[in-house]
Undergrad: 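Here you go, one structure.
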Amino acid sequence: MKHKFIAKRYWKDQSTAMGQSDEMAKSFDDVINLSLGDPDMTTPEPIIEAAFRDAKAGHTKYTDFRGDPELRAEICRYYEKNFGMPVRDEEVFVTASACLGMYLALEAILDDGDEVILQAPYFTPYPQQVELARGIPVELATYEEEDFQVNVERLENLITERTKALVINSPNNPTGNCLTTETMREIARIAEAYDLIVISDEIYTAYSYQHPFVPFASLPGMAERTITLNSFSKDFVMTGWRVGCIVAPQPIIRVVQQINENVVFTAPSMSQRAALYALQHREEVQPALVETFRERMFFAAACINRIPKMHVIYPPKGSFYLFINIKKTGLTSEEVAARILQEAHVLMLPGNAFGACGEGYLRMACTVDKAVIEEAFARIGKPVDKEADLCYKSCCKGQKCA
């Protein structure tokens, strides 16, 4: 918006499809909103109750500048127990969301004009976050016909003398893809060869349906050049609590702390206590969440693949997003998204909101119940799969039962 009191760098409209989705969802009274990754269920009750108890017990003040010491210790134990990955306390920083964590990380490592390569399709805020930290975003396209894996030759061709970092995201938002261990090893080789920092966005850690999740920093030699972003928003359905963490080498954590003290000081104390309980009791609260999203993903994918001129990769691999290929319609992503909203009152995001290589796709968030997903496709006027036809248990993964 052009205005004399607005900084000139913001005169050009930088709003995104994700940012506009809230208003678009109000277009009709009966919109089925499949646009944002905010699940329809509330945070598991035991987590809420634990946070309430801790608030009553006095955990309502600023925490340690790097985060609640108990939570930091539990994060260290989590990485050691789940992945055999040693993490020291001084390598952990608790943030008021992983989204803020990305900005803090970029602000800590970038000099003016440094280039940051972004695995695309990417989470919509990435490019502007790079620019806010005075860096230059560079899109690294991945393609469905390559299983949305990072092509290392394409990556290497983008590296210049100004390249400082590479951002990867697996399980991926928006594609739902997971990088293979082989691909990650190739990325590690390139990072070492060109002395790059890798920022690994791993906030969908729990939702890796085909293979066990592997943190990028756990690969040989990568802990010293990786900034890991994690969050409680998705893995524990805690989007509104705004709490996440950064795991990185101590010098980076030290600078992140200095920056954060001038932004939000500390993450919310009660949110950190909720996160502590969630992590300590993950084996009790997480399996039901993962199974719910697995069922929704397989159900929705099966529905989509019965619609002419649309398809998704099957079986789904990770996260709770489906990236729907609509190229055979002959229409753009924005045209198809607009038509579905206007005619069916179903809201999804156009794929080009996630980078140029996202054109020809729609992103669907499987954050609503299967009955609502079924209603969405019924409105679109296409056949849907009935629950009786397919089994969505982990053993069958959306196939017909024997």
Undergrad: Does Asp147 pair with Lys317 as a salt bridge, N-O distance under 4.0 Å?
TA: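 Counted as a salt bridge, because a side-chain N and a carboxylate O are separated by less than 4.0 Å.
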Undergrad: Do Phe83 and Tyr78 have ring centres separated by under 6.0 Å?
TA: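 Yes, ring centres under 6.0 Å apart.
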Undergrad: Within the 3.5 Å criterion, strictly below it, is a donor on Ser319 or Asn173 matched to an acceptor on the partner's side chain?
TA: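 Looking only at side-chain atoms, Asn173 and Ser319 do not form any donor-acceptor pair under 3.5 Å.
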Undergrad: Would you check if there is a donor-acceptor pair between the side chains of Ser170 and Glu202 at a distance under 3.5 Å?
TA: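 There is no such pair (donor and acceptor under 3.5 Å, judged by atom type) between the side chains of Glu202 and Ser170.
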Undergrad: Determine whether the side chains of Thr43 and Trp241 contain a donor N or O and an acceptor N or O closer than 3.5 Å.
TA: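 Per modelled atom types, Thr43 and Trp241 side chains form a pair under 3.5 Å.
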Undergrad: Just by modelled atom types, is the Leu276 backbone N or O under 3.5 Å from a matching donor or acceptor in the Glu70 side chain?
TA: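 Side chain of Glu70 to backbone of Leu276: no pair is present.
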Undergrad: Suppose we call two aromatic rings close when their centres sit under 6.0 Å apart. Are Phe148 and Tyr143 close by that rule?
TA: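 No, the ring of Phe148 stays outside the 6.0 Å limit from the ring of Tyr143, centre to centre.
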Undergrad: Are Asp38 and Thr239 close enough, and set up right, to give a side-chain hydrogen bond (donor to acceptor under 3.5 Å, both in side chains), and what steps lead you there?
TA: CA-CA 7 Å; Asp38 196 1; Thr239 54; 2.7 Å; yes
Undergrad: Using distance alone, with no hydrogens and no angle criterion, decide if Arg66 and Asn260 have a side-chain donor and acceptor under 3.5 Å apart.
TA: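 Their side chains do not contain a donor-acceptor pair, so the 3.5 Å distance test is not met.
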Undergrad: Evaluate the ring planes of His345 and Phe28, with Trp represented by its six-membered ring, and classify them as parallel (under 30°), tilted (30 to 60°) or perpendicular (over 60°).
TA: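 His345 and Phe28: parallel rings.
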Undergrad: Taking NZ, NE, NH1 and NH2 as the nitrogens, is one of them in Glu283 or Lys81 under 4.0 Å from a carboxylate oxygen of the other?
TA: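 Yes, Glu283 and Lys81 are salt-bridged.
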Undergrad: Got a sec: does the CD of Glu145 have more than 12 other heavy atoms crowding it under 6.0 Å?
TA: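 Yes, because the 6.0 Å sphere around CD of Glu145 holds more than 12 heavy atoms from other groups.
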Undergrad: Do Phe293 and Tyr209 have ring centroids that are under 6.0 Å from one another?
TA: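 No - the distance between ring centres of Tyr209 and Phe293 does not fall below the 6.0 Å cut-off.
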Undergrad: If you round to the nearest 0.5 Å, how far is CG of Leu132 from CD of Glu107?
TA: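 Answer for the CD-CG pair, Glu107 versus Leu132, is 8.5 Å.
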Undergrad: Distance to the ring centre below 6.0 angstrom and angle to the axis at most 45 degrees; does that hold for Arg296 and Phe299?
TA: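 Ring-cation test returns no.
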Undergrad: Would you say Glu144 and His311 are linked by a side-chain donor-acceptor pair, where the criterion is simply a distance under 3.5 Å?
TA: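 Indeed, the side chains of His311 and Glu144 share at least one donor-acceptor pair under 3.5 Å.
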Undergrad: Applying side-chain hydrogen bond (donor to acceptor under 3.5 Å, both in side chains), can you list everything that pairs with Ser218, at least two apart in sequence or on another chain?
TA: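 Applying side-chain hydrogen bond (donor to acceptor under 3.5 Å, both in side chains) to Ser218 gives none.
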Undergrad: Between Thr180 and Glu182, is any side-chain donor less than 3.5 angstrom from a side-chain acceptor?
TA: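 Judged by distance alone, the side chains do not pair up.
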Undergrad: Check whether any side-chain heavy atom of Leu106 sits under 4.5 Å from a side-chain heavy atom of Ile199, and report yes or no.
TA: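 Touching, per the 4.5 Å side-chain cut-off.
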Undergrad: Answer yes or no: is there a side-chain heavy-atom contact under 4.5 Å between Leu362 and Leu349?
TA: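 They are not in side-chain contact.
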Undergrad: Below 4.0 angstrom, N of the basic side chain to O of the carboxylate: do Arg77 and Glu80 qualify?
TA: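 No salt bridge links Arg77 with Glu80.
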Undergrad: Is it the case that more than 12 heavy atoms not belonging to Glu224 sit under 6.0 Å from its CD atom?
TA: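 Atom CD in Glu224 is crowded, with more than 12 foreign heavy atoms closer than 6.0 Å.
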Undergrad: Checking side-chain polar atoms at under 3.5 Å, does Tyr204 have a donor or acceptor matched by the opposite partner on Asn230?
TA: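 No, because no side-chain N or O of Tyr204 sits under 3.5 Å from a partner of the opposite role on Asn230.
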Undergrad: Kindly determine whether Tyr277 and Glu49 satisfy side-chain hydrogen bond (donor to acceptor under 3.5 Å, both in side chains), including the steps that lead there.
TA: CA-CA 10 Å; Tyr277 182 92; Glu49 291 174 353; over 6 Å; no
Undergrad: Check this for me: does any side-chain nitrogen of one of Arg134 and Asp111 sit under 4.0 Å from a carboxylate oxygen of the other?
TA: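 Salt bridge: no.
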Undergrad: Is there a side-chain contact between Pro215 and Ser200, using heavy atoms and a 4.5 Å cut-off?
TA: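 The answer is no; the side chains never approach within 4.5 Å.
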Undergrad: I would like to know whether Phe236 and Leu279 meet side-chain contact (heavy atoms from CB on, under 4.5 Å); could you show each step before the answer?
TA: CA-CA 9 Å; Phe236 295 99; Leu279 207 53; 4.3 Å; yes
Undergrad: With a sphere of 6.0 Å drawn around CZ of Arg154, does it hold more than 12 non-hydrogen atoms of other residues, nucleotides or ligands?
TA: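 Correct, the count exceeds 12.
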Undergrad: Would you call Arg339 and Glu335 a salt bridge, using N to O less than 4.0 angstrom?
TA: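 Here Arg339 does not pair with Glu335 in a salt bridge, since their nearest N and O are not under 4.0 Å apart.
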Undergrad: First locate atom OG of Ser269, then atom CG of Asp64, and finally report the distance between them rounded to the nearest 0.5 Å.
TA: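 Rounded to the nearest 0.5 Å, the OG-CG separation comes to 12.5 Å.
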Undergrad: With a 3.5 Å distance limit and no angle check, can you tell me whether Asp40 reaches the backbone of Asp369 through a side-chain donor-acceptor pair?
TA: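 Between the backbone of Asp369 and the side chain of Asp40 there is a qualifying donor-acceptor contact (under 3.5 Å).
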Undergrad: Specify the closest pair of heavy atoms between Ala300 and Leu322, including all atoms of both residues, with the distance to one decimal.
TA: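 Minimum heavy-atom separation between Ala300 and Leu322: CB-CD1, 3.6 Å.
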Undergrad: Identify the heavy atoms of Met41 and Val237 that sit nearest to each other, and give their distance.
TA: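 Taking every non-hydrogen atom into account, O-CG1, 3.4 Å.
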Undergrad: For a quick check under 3.5 Å, do Thr226 and Thr228 share a side-chain donor-acceptor pair by atom type?
TA: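 No pair is found: no donor N or O on one side chain lies under 3.5 Å from an acceptor on the other.
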Undergrad: Give the intermediate values and the outcome of salt bridge (charged side-chain N to carboxylate O under 4.0 Å, His left out) for residues Glu115 and Lys164.
TA: CA-CA 6 Å; Glu115 295 175 357; Lys164 183 68 171 288; over 6 Å; no
Undergrad: Determine, step by step, whether Lys370 and Glu374 satisfy the salt bridge (charged side-chain N to carboxylate O under 4.0 Å, His left out) criterion, reporting the C-alpha distance in whole Å, the side-chain angles of both residues, the deciding distance to 0.1 Å, and the verdict.
TA: CA-CA 6 Å; Lys370 285 192 295 183; Glu374 184 173 15; over 6 Å; no
Undergrad: Can you tell if the side chain of Ile252 reaches within under 4.5 Å of the side chain of Val256, non-hydrogen atoms only?
TA: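 Yes, at least one pair of side-chain atoms sits under 4.5 Å.
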Undergrad: Apply side-chain contact (heavy atoms from CB on, under 4.5 Å) to the pair Tyr194 and Leu155, showing each step before the final yes or no.
TA: CA-CA 11 Å; Tyr194 290 91; Leu155 166 60; over 6 Å; no
Undergrad: Just verifying a value: how many Å separate Lys309 NZ and Lys327 NZ, rounded to the nearest 0.5 Å?
TA: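 The distance works out to 16.0 Å.
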Undergrad: More than 12 non-hydrogen atoms from neighbouring residues, nucleotides or ligands closer than 6.0 Å to CZ on Phe52, yes or no?
TA: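 12 or below, so no.
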Undergrad: In this structure, is the centre-to-centre distance between the rings of Tyr122 and Phe354 below 6.0 Å?
TA: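 No, ring centres 6.0 Å or more apart.
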Undergrad: To the nearest 0.5 angstrom, please state how far the CG atom of Asp235 sits from the OG1 atom of Thr205.
TA: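 With rounding to 0.5 Å, CG (Asp235) is 5.0 Å from OG1 (Thr205).
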